[in-house]
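Just so it is clear: chains get the letters A, B, ... in the order the sequence lines come, proteins before strands, and each one is counted from 1. Reckoned from all heavy atoms, side chains included, excluding hydrogens, waters and symmetry mates.
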Protein chains: 2
Amino acid sequence: MSVQERKERERAERERLIVATARELAEQQGWDAVTTRRLAERIEYSQPVLYSHFRGKREIIGAVALQGAAELAVAVRAATSAADGPRARVAALARAYLDFAEHNPAVYDAIFQLDGGLAYAQEDTPAPLKDAFAALMESLAEVAGNGIDPGLFTELFWASLHGLATLTRTGRLLPEYAEPRVELLVDRLCMV
Amino acid sequence: MSVQERKERERAERERLIVATARELAEQQGWDAVTTRRLAERIEYSQPVLYSHFRGKREIIGAVALQGAAELAVAVRAATSAADGPRARVAALARAYLDFAEHNPAVYDAIFQLDGGLAYAQEDTPAPLKDAFAALMESLAEVAGNGIDPGLFTELFWASLHGLATLTRTGRLLPEYAEPRVELLVDRLCMV
DNA sequence: CTCGATTGTCTAGCAGTGCTAGGATTCGAA
DNA sequence: TTCGAATCCTAGCACTGCTAGACAATCGAG
């Protein structure tokens, strides 16, 4: 029994190692550099071991995405809970979201850009993804305005943030406008 | 002389064929299916011929992107010029933009998602990209509001559209909210 | 008309990718 | 100590983007 438990523990530990290494490698050199060979070498196992934990590379990306979504939710809640008043809360939310995207580009891509084989906006959507959306909605609901569905408003606000995050990172927006863009977004979209 | 001209014409024609075929293949089966082998086979030449026209696959994507940007600009201008009043113009712009993204997903990706080796938001940004941005700004400038830089406002509005376009297409937003999202975006962001 | 030189194109191949079949090895249970 | 099962790795497949070098067609000069 104890032996089997130890093996399961080691297996789980190795799985965490795979995800952490994939994430690390992706943040360091981009997802293109995360090949099964390199990943296997870094965890000091052979390639096929990866496939005993995940169906394929896509599932590894998905695992990083779930981890990242949980962290994003934490970051958003931490930022909003430290702010006073609806306007400040939403501004803090926006900055926290964009900061997360800026400082964890690979993870952000795993969540929102790449195909990790995850379901979105459905019943079988994994809990971390639902929760990340919920974290946004908690602070956004109070500024949605009369007669506007909080879910609808959150989707729109989120989409705007997502657009800013991705276009900024690929150098498609002027860097000097970064802050005014956030200010304008919050001022216009939110009914304070 | 005439012989050389004919050759150059044929060469240019073949280059158009490459770009058109790449685009077609990408729209049919996604960019992943656009391999140099498949592309070469479709144009009935060998692989190395591609490299006598483009430095690599990335440049082919870039060529599709430029073509697409020009079409996007046309679509946006056509939609806005057919609408009366600032509010209607911006709504038409938003719908035209999102329609383009929906009906030309591969081209949209080439422009805004994939790496086509193009420069953005710089002096050496290719004309079609600058012009597409200009097409947006033409209608958006009049609703930016007092004291708000039109460029800044356009960047924000564009980012929101981009977020909506990408998140919608990857199934991350509820389809039934599609229209209300656009309405809300236009109502809130624009100073009518 | 002939003959080099210059284009143009293709065949074949490189190093890399995700993924897997099947053999070798290790290790716990008897 | 031996056996069987679980574990892991070697080797390989079919594919990717890209390129060197052989080959053939074409052209201009004599």
Side-chain angles (χ1 to χ4, degrees), chain A residues 1-19 21-23 25-26 28-65 106 109-110 114-118, chain B residues 1-19 21-23 25-26 28-65 106 109-110 114-118:
Chain A
M1 280 305 152
S2 175
V3 174
Q4 187 147 353
E5 284 177 9
R6 193 204 69 217
K7 289 210 169 186
E8 280 176 19
R9 235 177 18 240
E10 287 174 354
R11 219 186 120 74
E13 178 52 36
R14 193 173 62 183
E15 188 158 318
R16 273 193 296 275
L17 179 62
I18 293 173
V19 176
T21 306
R23 175 176 177 166
L25 195 50
Q28 282 173 0
Q29 312 182 31
W31 276 106
D32 279 351
V34 183
T35 69
T36 55
R37 269 169 249 272
R38 241 188 299 256
L39 188 49
E41 196 192 6
R42 285 227 182 175
I43 64 168
E44 296 181 312
Y45 280 95
S46 72
Q47 260 182 302
V49 165
L50 301 174
Y51 293 86
S52 74
H53 288 273
F54 302 96
R55 286 177 169 276
K57 189 182 172 180
R58 153 200 288 217
E59 264 197 11
I60 298 178
I61 296 174
V64 172
D109 280 349
L114 301 175
D115 178 15
L118 304 173
Chain B
M1 283 304 153
S2 177
V3 173
Q4 186 147 353
E5 285 175 8
R6 193 204 68 218
K7 290 211 169 186
E8 280 176 19
R9 238 181 11 245
E10 288 173 352
R11 219 186 122 71
E13 177 54 34
R14 192 173 62 181
E15 189 158 317
R16 273 192 296 274
L17 179 63
I18 292 173
V19 175
T21 306
R23 175 176 178 167
L25 195 50
Q28 284 173 359
Q29 312 181 32
W31 277 106
D32 280 350
V34 183
T35 68
T36 54
R37 269 169 249 272
R38 243 189 297 260
L39 187 49
E41 196 192 5
R42 285 227 182 176
I43 66 168
E44 294 181 314
Y45 279 95
S46 72
Q47 262 181 300
V49 166
L50 300 175
Y51 293 85
S52 74
H53 289 272
F54 303 95
R55 285 178 169 275
K57 189 182 172 180
R58 150 198 289 214
E59 263 197 11
I60 298 178
I61 296 174
V64 172
D109 279 350
L114 302 175
D115 178 16
L118 304 174

For [X] and [N], what is the distance between atoms [atom1] and [atom2] respectively, to the nearest whole Å?
{"X": "B/Glu13", "N": "C/dG8", "atom1": "CD", "atom2": "C1'", "result": "18 Å"}
{"X": "A/Tyr45", "N": "C/dT26", "atom1": "OH", "atom2": "P", "result": "14 Å"}
{"X": "B/Leu39", "N": "D/dC18", "atom1": "CG", "atom2": "P", "result": "12 Å"}
{"X": "B/Asp32", "N": "D/dG17", "atom1": "CG", "atom2": "C1'", "result": "14 Å"}
{"X": "B/Leu25", "N": "D/dT16", "atom1": "CG", "atom2": "P", "result": "11 Å"}
{"X": "B/Leu114", "N": "D/dG17", "atom1": "CG", "atom2": "C1'", "result": "16 Å"}

With a 6.0 Å cut-off (strictly less than), is the heavy-atom count around CD of A/Glu44, excluding the residue itself, greater than 12?
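Not more than 12 within 6.0 Å, no.
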
With heavy atoms under 4.0 Å as the rule, sort B/Arg14 into base, sugar-phosphate or nothing.
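Sugar-phosphate contact only.
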
Return whichever of A/Glu44 or B/Val34 has its heavy-atom-nearest nucleotide of DNA chain D closer to the 5' end.
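Per heavy-atom nearest nucleotide, the more 5' residue is A/Glu44.
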
According to salt bridge (Lys or Arg N to Asp or Glu O under 4.0 Å), who are the partners of [X], at least two apart in sequence or on a separate chain?
{"X": "A/Arg16", "result": "A/Glu13"}
{"X": "A/Arg11", "result": "none"}
{"X": "A/Arg55", "result": "A/Glu59"}
{"X": "B/Glu41", "result": "none"}

Tell me, which pairs form a salt bridge (charged side-chain N to carboxylate O under 4.0 Å, His left out) where one or both residues lie in residues 28-38 of chain A, sequence neighbours left out?
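The answer is none; no pair qualifies.
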
Just N and O in the side chain of [X]: are any of them under 4.0 Å from OP1 or OP2 of [N]?
{"X": "B/Arg38", "N": "D/dT16", "result": "yes"}
{"X": "A/Thr36", "N": "C/dG18", "result": "yes"}
{"X": "A/Ser46", "N": "D/dC8", "result": "no"}
{"X": "B/Arg37", "N": "D/dT16", "result": "yes"}

When rounded to the nearest 0.5 angstrom, what is the spacing between CG in A/Leu50 and CG in A/Leu39?
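CG of A/Leu39 is found 5.0 Å from CG of A/Leu50.
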
Return the residues of residues 47-65 of chain A meeting this criterion: a heavy atom under 4.0 Å from some atom of DNA chain D. Order them by number, or give none.
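DNA chain D contact set from residues 47-65 of chain A: A/Pro48, A/Val49.
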
